[in-house]
Protein chains: 2
Amino acid sequence: MRACDHRRVATLLYDGLGIFEFGIVVEIFGLPRPELEVDWYKFETCSHQRGPLRTTGGVHIEARHGLRTLQQAGTIVISGWKRTREPPPESLLKALRSAHACGARLVSICSGAFVLAATGLLDGKRATTHWRYAEELASRFPKIRVDPGVLYVDEGSILTSAGSAAGIDLCLHIVRCDYGAEIANRVARRLVMPPHRDGGQAQYVQNPVDRRAPGGLAPLLQWAQSHLGQALRVEDLARRAAMSPRTFARRFRQQTGTTPHQWLTHQRLLAAQMRLEKTDDGIDAIAEAVGLQTAAGAGVDCRCRMALDTKKRPRFASDRRNRLSHNCTPACVVGQAVSHVNPVTL
Amino acid sequence: MRACDHRRVATLLYDGLGIFEFGIVVEIFGLPRPELEVDWYKFETCSHQRGPLRTTGGVHIEARHGLRTLQQAGTIVISGWKRTREPPPESLLKALRSAHACGARLVSICSGAFVLAATGLLDGKRATTHWRYAEELASRFPKIRVDPGVLYVDEGSILTSAGSAAGIDLCLHIVRCDYGAEIANRVARRLVMPPHRDGGQAQYVQNPVDRRAPGGLAPLLQWAQSHLGQALRVEDLARRAAMSPRTFARRFRQQTGTTPHQWLTHQRLLAAQMRLEKTDDGIDAIAEAVGLQTAAGAGVDCRCRMALDTKKRPRFASDRRNRLSHNCTPACVVGQAVSHVNPVTL
DNA sequence: GCGCATATTGGCATTTCTGCCTATCGACAT
DNA sequence: ATGTCGATAGGCAGAAATGCCAATATGCGC
């Protein structure tokens, strides 16, 4: 394994490239950043294919380099892969293996994990991918320990990240490793992104992953979601999970990234949003149904009130199609009201 | 003003286009989404310039349409503008004004606000842009009420968003307005982004904006940041801000998006991260210095402990350059530990 | 100036959160 | 078998967060 410069970053272009994921890589590694006053990354686009390549959004782009350059890079980013079932060309795999053998760092975003998986280099290692593909990845590459619940996995020389935006998190993580926290924070700030975000992509998945994980909270959360109308106290939830309140709080944070109460409030607001759109019920009825009016405890106050307070109801809620000044539905307003709540969805 | 279909989305390409911002627009509006089972947006790329256009990342792309198509769209997105000082061509401005007169919605991301500003359509309206450009925008277009503290501004027919990633928030907002919260949430989930995020970009700016806003917390926050070592209680902060604890809590949430205590803890961890990199102090000394060991109150527990606990120190902190199994510096680990804390920076 | 409506503020009670301390359990070496 | 170490669980007290209500300020039309 020869030493190689991780600051030489190459990313793979291919026919059908997702421009968003590519954009992330460019934004983090590919922009000149004189203000940071460090020896910043050198960035190259490479492809195994010649000529203009189609991308999402209906535009075409052309890589400036071929696999040879890719292979010489110290950090290689595979941002997605058009069709997960399509095996990557052997020439590409060879280049990746060779680069890795020389000490290069392999990075994948979203379905790019399938390319890394195909090299065999992930065997026995942990990895992740977009939650839509997690199952497929795990079943097609059983040797890989797929963790669908995290935003990214750092296995040292191979790093994989979950869907789309999680690529930002991983790229920032890499910057943090290479240049330190301060630089990474500055990059994040310029991106107007939080410097780190976690709790895993589990938050963003529709159905909780790992339903039957030992001590998993998923069943409880599901139960809670369908009983939002009741005045659920954290203590009750803990009892239901057969844990002491303290342990429950700890587990809850581990698995969701928030406190039970914040999560609950957020669920209530989301539910309210949905009902505002899907039903013709009035604000009060909905608030009641999702447990917001009566709710014992805490979590909403002015924020939710701003949108749900019965006093303001006539202003926009007389009809659920009634539009606000800015063409927003009530649900939209609630959405903005929610915004201050910790963004955990599950 | 004729009715026009907001679902016809066009975005402007230009020489020097930021591929990241463009990617956002594509990802939200430009992907086929059969799974949503709605009449999704039609997406077009337009430009006033012919031929391949340079973009960030060193690739070239070509717009499929010209200004005529742009003008006919119902939603026009300007994702950035290469040089804020460069006046947009009159032909473009004309097309935008004309489209707007016909009822089209104008949307800007990042420095794209300068293009909208140049049309004059923003005069008297509220708007925002990337925090780096906010001041310039305000001074060059004094008639615009620039709000540099928010992620986006919805003025009905003109929507502006702050830097880069804030464009995602705005685009999701638009989807929420057009198709409702559920659809928007599904799009967000697929992006692995929170469905809404707020508290404003104020969180991400290095130096708090609006330092002298009436009742602004910025000075207090700055003071707190330089006195993290002390055992600051929320009550103390409130007193220092000359507010009752209750009012303080409310204001704090308004302006930062979190509770005082969460913010404080996050600041402590960030500070610890920095010190781990910049100084040769040991874990204990640093923890002490940023108020984590001694800290009265709450906020860290197992999360921070995971990285800072003196018991585990020998494992990775004997030398600050000492690497973990995954090539991470201690600061990096702390970063991951921080992750469960609400991502507010300020 | 007056009355009404709305927004802001402060205090209080309740719930929730969290650091810390102790107890328990299992692995492992002696 | 015994003791030590580490990890996890539970309990507790103090701090923090929040809904709610009452009081006060602010604004507005008359």
Side-chain angles (χ1 to χ4, degrees), chain A residues 214-215 231-239 241-266 268-269 287-288 291-306 308-315 337 340-342, chain B residues 214-215 224 231-239 241-266 268-269 287-288 291-306 308-315 337 340-342 344:
Chain A
L232 303 168
R233 270 173 320 164
V234 174
E235 194 190 328
D236 303 331
L237 292 179
R239 198 180 354 254
M243 289 182 228
S244 78
R246 188 70 187 84
T247 303
F248 179 67
R250 277 194 272 244
R251 285 281 177 78
F252 201 96
R253 170 153 312 231
Q254 264 176 28
Q255 292 185 39
T256 69
T258 358
T259 66
H261 186 254
Q262 278 187 316
W263 178 85
L264 204 52
T265 303
H266 197 249
R268 290 203 223 261
L269 283 167
E288 173 82 27
L292 275 175
Q293 291 284 17
T294 68
V300 192
D301 198 6
C302 31
R303 287 163 288 138
C304 161
R305 280 307 187 229
M306 193 167 67
L308 286 182
D309 199 316
T310 50
K311 288 179 191 165
K312 297 194 183 169
R313 181 172 30 142
R315 257 175 54 196
H340 274 172
V341 182
N342 203 344
Chain B
L232 303 169
R233 270 174 320 164
V234 174
E235 194 190 327
D236 303 331
L237 292 179
R239 200 183 347 258
M243 288 183 231
S244 77
R246 190 69 188 82
T247 303
F248 179 67
R250 276 195 274 245
R251 286 281 181 78
F252 200 96
R253 169 151 309 223
Q254 266 177 27
Q255 293 185 40
T256 69
T258 356
T259 64
H261 186 254
Q262 278 187 316
W263 178 86
L264 204 52
T265 303
H266 197 248
R268 291 201 222 260
L269 283 167
E288 173 83 25
L292 275 174
Q293 291 283 15
T294 67
V300 193
D301 199 5
C302 30
R303 288 164 287 139
C304 161
R305 280 308 186 230
M306 193 167 67
L308 286 180
D309 199 318
T310 50
K311 288 177 191 164
K312 297 193 181 168
R313 183 169 31 142
R315 256 176 57 196
H340 273 175
V341 182
N342 203 343
V344 171

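Keep in mind it's a predicted model, so treat the numbers as computed, not measured. Residue numbers start from 1 in every chain, and the chains themselves are labelled A, B, ... in the order their sequence lines are given, proteins ahead of strands.
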To the nearest angstrom, the CH2-P distance between Trp263(A) and dT18(D) comes to 18 Å
Could you tell me the separation between the CZ atom of Arg233(A) and the C1' atom of dC17(C), rounded to a whole number of Å?
16 Å
Check the distance between dT16(C)'s P and Leu232(A)'s CG and give it to me in whole angstrom.
10 Å
Atom-pair distance (CZ on Phe252(B); P on dT18(D)), nearest Å
12 Å
Quick one: is Thr259(A) getting a side-chain N or O under 4.0 Å of the dC17(C) phosphate, OP1 or OP2?
yes
How many whole angstroms separate atom CD of Glu235(A) from atom C1' of dT18(C)?
16 Å
Expressed as a whole number of angstroms, how long is the span from Asp236(A):CG to dT14(C):P?
17 Å
Hey, could you give me the CZ/OG distance between Arg239(B) and Ser244(B), rounded to the nearest 0.5 Å?
12.0 Å
Separation of atom CD in Gln262(B) from atom P in dA15(D), rounded to whole Å
18 Å
Shortest non-hydrogen pair, Leu264(B) vs Leu232(B), comes out as CD2-O, 3.7 Å
Rounded to whole angstrom units, what separation is found between the NE2 atom of His261(B) and the P atom of dT18(D)?
13 Å
Look for any protein N or O under 3.5 Å of an N or O in nucleotides 9-12 of chain C and output each such pair with its distance, or none.
{"residue": "dT9(C)", "atom": "OP1", "partner": "Arg251(B)", "partner atom": "NH2", "Å": "2.6"}
{"residue": "dG10(C)", "atom": "OP2", "partner": "Ser244(B)", "partner atom": "OG", "Å": "3.3"}
{"residue": "dG10(C)", "atom": "OP2", "partner": "Thr247(B)", "partner atom": "OG1", "Å": "2.5"}
{"residue": "dG10(C)", "atom": "N7", "partner": "Arg250(B)", "partner atom": "NH2", "Å": "2.7"}
{"residue": "dG10(C)", "atom": "O6", "partner": "Arg250(B)", "partner atom": "NH2", "Å": "3.4"}
{"residue": "dG11(C)", "atom": "O6", "partner": "Arg246(B)", "partner atom": "NE", "Å": "3.4"}

